[in-house]
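First comes the structure, then the notes that go with it.
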Protein chains: 2
Amino acid sequence: MARQKHRQDGQCPVARSLEQVGDAWSLLIVRNAFDGMRRYGEFLDDLGIARNILADRLRRLVEAGILEQVAAADGGSHSEYALTRRGKDLFPVIVGLRQWGEAHLYGKGERHSKLVARADGKPLPPMRPLGRDGRPLEADDTLVKRIA
Amino acid sequence: MARQKHRQDGQCPVARSLEQVGDAWSLLIVRNAFDGMRRYGEFLDDLGIARNILADRLRRLVEAGILEQVAAADGGSHSEYALTRRGKDLFPVIVGLRQWGEAHLYGKGERHSKLVARADGKPLPPMRPLGRDGRPLEADDTLVKRIA
DNA sequence: CCGTATCCATTCCGATACTG
DNA sequence: CAGTATCGGAATGGATACGG
């Protein structure tokens with residue numbers, strides 16, 4: 001979407017985040033990166049994305065500090081893309097999208113991939129915003145405090 | 001992005017979610033809806049979005065079951081847009097984007113709006129995926145189990 | 001194998017005008 | 001005020017060809 005269009009969008013972290021990852025390709029690339037994917041060709045094959053678009057998105061993600069280029073693990077001449085700390089911090093966003101999709105977008109018999117704990121192989125419970133006391137908060141339990 | 005392009009994307013809840021809310025305008029509308037915004041004109045003014053685009057996004061969000069049209073609160077002839085249960089369940093996604101933006105996209109002195117608990121007015125702690133034992137999980141502590 | 005460059009079609013989007 | 005209609009420009013995306 002157009003960059004920095006609206007006057008007060010710079011003050012809303014949601015809007016600012018969406019300027020960086022507010023398109024589907026970027027988030028799918030990040031999703032795959034969480035899945036261990038690191039190479040241009042892997043993204044290309046798995047996503048079915050056009051080469052120029054992939055190159056563009058990778059460049060933007062690197063510029064945004066979400067991915068970084070590192071030397072190839074196999075010592076080859078190419079470079080690979082790895083999540084930075086900032087990129088890894090997008091984990092809750094991906095999990096949120098995943099769990100929403102799981103809950104609402106599949107029919108009863110329809111199968112889908114599942115996010116599980118590595119330790120026991122069991123699905124994660126739904127991630128929820130918590131208050132300071134550790135109890136789950138609904139949207140109605142919160143409000144956005146605007147700055148002057 | 002193009003709808004349902006890739007072969008196995010239907011099996012990934014992240015991809016399927018992004019088909020519904022994978023563009024910035026939709027998520028900004030949902031963000032505003034969480035903020036209590038309900039009317040066409042309010043969205044129009046606040047987002048600075050073009051009229052046709054807003055109409056299109058509202059229509060899609062209604063079709064997706066994320067918003068529903070309800071009679072105006074003031075008894076006027078127009079209708080308003082309210083989050084459905086499914087729409088409210090996007091709360092963690094919005095919170096995830098917000099907290100990531102807060103953590104990474106603002107300079108030290110730069111101010112931004114804050115999500116706070118209604119009860120005490122204090123900011124929410126970072127939302128994190130938890131394991132079944134209630135302890136936070138990093139991305140590396142999880143894996144995506146694909147279906148056969 | 002990793003990208004870049006180019007071409008073309010499609011979509012997105014903003015501005016404006018218009019209707020109920 | 002809520003939405004539709006249309007127009008033109010810009011960005012997106014796919015396909016292909018090319019170069020390191």
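Naming: A, B, ... by sequence-line order, numbering from 1 per chain.
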Checklist entry - Does anything in residues 83-92 of chain A pair up under side chain to side chain donor-acceptor pair (under 3.5 Å), and if so which pairs, sequence neighbours excluded? => result A/Arg85-A/Asp89, A/Asp89-B/His104

Item to check | DNA chain D base-pair string [pairs: Watson-Crick or G-U under 3.5 Å; |: paired with another strand] | outcome: ||||||||||||||||||.|

Item to check | A/Trp25 CH2 to C/dC12 P, straight-line distance once rounded to whole Å | outcome: 14 Å

Checklist entry - Can you check the B/Ile49 CD1 to D/dA2 C1' distance for me, whole Å? => result 15 Å

Checklist entry - Taking CZ from A/Arg59 and P from D/dT12, how many angstroms apart are they, rounded to a whole number? => result 12 Å

Checklist entry - Quick check: does any side chain N or O of A/Gln99 sit under 3.5 Å from a backbone N or O of A/Gly96, one acting as donor and the other as acceptor? => result no

Item to check | A/Arg111 NZ/CZ over A/Tyr106 ring centroid, <6.0 Å and within 45° of normal | outcome: no

Checklist entry - Mind checking whether A/Phe34 and B/Leu143 sit in one hydrophobic cluster, side chains of I, L, V, M, F, W, Y counted as touching below 4.5 Å? => result no

Next on the checklist: Are B/Leu47 and B/Leu44 linked, directly or through intermediate hydrophobic residues, by side-chain heavy-atom contacts shorter than 4.5 Å (ILVMFWY only)?
Outcome noted: yes

Checklist entry - What about A/Trp100 and A/Val116, same hydrophobic cluster or not, with Ile/Leu/Val/Met/Phe/Trp/Tyr joined at side-chain heavy-atom distances under 4.5 Å? => result no

Checklist entry - Between residues 35-43 of chain B and DNA chain D, which residues have a heavy-atom gap below 4.0 Å? => result B/Arg39, B/Tyr40, B/Gly41

Checklist entry - Roughly how many Å is it from CD in A/Gln69 to P in C/dC1, rounded to a whole number? => result 18 Å

Report all side-chain donor-acceptor pairs from residues 118-130 of chain B shorter than 3.5 Å, counting only partners two or more places apart or in another chain.
| unit_1 | atom_1 | unit_2 | atom_2 | d |
| --- | --- | --- | --- | --- |
| B/Arg118 | NE | A/Asp140 | O | 2.9 |
| B/Arg118 | NH2 | A/Thr142 | O | 3.3 |
| B/Asp120 | OD1 | B/Lys122 | N | 2.9 |
| B/Arg128 | NH2 | B/Glu138 | OE2 | 2.8 |

Next on the checklist: Categorize A/Glu80 for me: base, sugar-phosphate, or nothing, with a 4.0 angstrom heavy-atom threshold over every strand shown.
Outcome noted: nothing

Item to check | Gap between atoms CG and P, on A/Leu47 and C/dC2 respectively (whole Å) | outcome: 14 Å

Checklist entry - Side-chain N or O of B/Arg57 less than 4.0 angstrom from OP1 or OP2 on C/dC12? => result no

Item to check | Atom-to-atom span, CD1 of A/Ile53 to C1' of C/dC2 - whole angstrom | outcome: 17 Å

Checklist entry - CG/A/Asp23 to CG/B/Asp23 distance, rounded to the nearest 0.5 angstrom? => result 9.5 Å

Item to check | Salt bridge A/Asp45-A/Arg39, side-chain N to carboxylate O under 4.0 Å | outcome: no

Next on the checklist: Check for me, please, whether B/Met37 and B/Leu67 land in the same ILVMFWY cluster - side-chain distances under 4.5 Å, paths through other members count.
Outcome noted: yes

Checklist outcome for this item: When rounded to whole Å, the CG to P distance for the pair B/Asp56 and D/dA2 reads 18 Å

Next on the checklist: Does the protein touch nucleotides 15-20 of chain C at the base, only the backbone, or not at all? Give it as B, S and - per nucleotide, heavy atoms under 4.0 Å.
Outcome noted: BBB---

Item to check | Gap between atoms NE2 and P, on B/His78 and D/dG3 respectively (whole Å) | outcome: 8 Å

Next on the checklist: For B/Tyr81, give me all partners under ring pair (Phe, Tyr, Trp, His ring centres under 6.0 Å), at least two apart in sequence or on another chain.
Outcome noted: none

